[in-house]
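Everything on this sheet refers to the single structure shown next.
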Amino acid sequence: MRQRQLQLQATIGRLTGADAMQVRTFFATGLIFTVSTLLELPERRADAAWGAWILQLAAPPDDST
C-alpha cells in the first residue's frame, strides 16, 4: 500500500509539475474533504483556518518535503 501511494504521488508530481509539498497538500486536502463529509461537518470544508490547522499537524516541523 505504501509503495503504491508513493508511486501515485510521484506520478501526479511528474504529470502536473507539482513539487512534493504541493502533491502532499493535494492529498491532504482531499482527505480533509472526505473526513469532514463523513463526520457531517460540511461547514468545515470551506473553513480555511481549520484546514490549515489540520495540514500543519500532518507535516512534522523538520520535514522539508
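No hydrogens, no waters, no symmetry mates; every other heavy atom, side chains included, goes into these values.
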task = Any chance you could pull the hydrophobic cluster mates of L6, using side-chain heavy atoms under 4.5 angstrom and chaining through other members?
result =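 Its cluster mates, by chain and number: none.
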message = Surrounding CD of Q3 (heavy atoms of other residues, nucleotides or ligands, distance under 6.0 Å), is the total greater than 12?
response = no
message = Please check: side-chain N/O of Q22 versus main-chain N/O of D19, any donor-acceptor pairing under 3.5 Å?
response = yes
Identify all side-chain donor-acceptor contacts of residues 8-17 below 3.5 Å with residues at least two apart in sequence or on another chain.
{"unit_1": "T11", "atom_1": "OG1", "unit_2": "Q7", "atom_2": "O", "d": "2.9"}
{"unit_1": "T16", "atom_1": "OG1", "unit_2": "I12", "atom_2": "O", "d": "2.7"}
{"unit_1": "T16", "atom_1": "OG1", "unit_2": "A18", "atom_2": "N", "d": "3.1"}

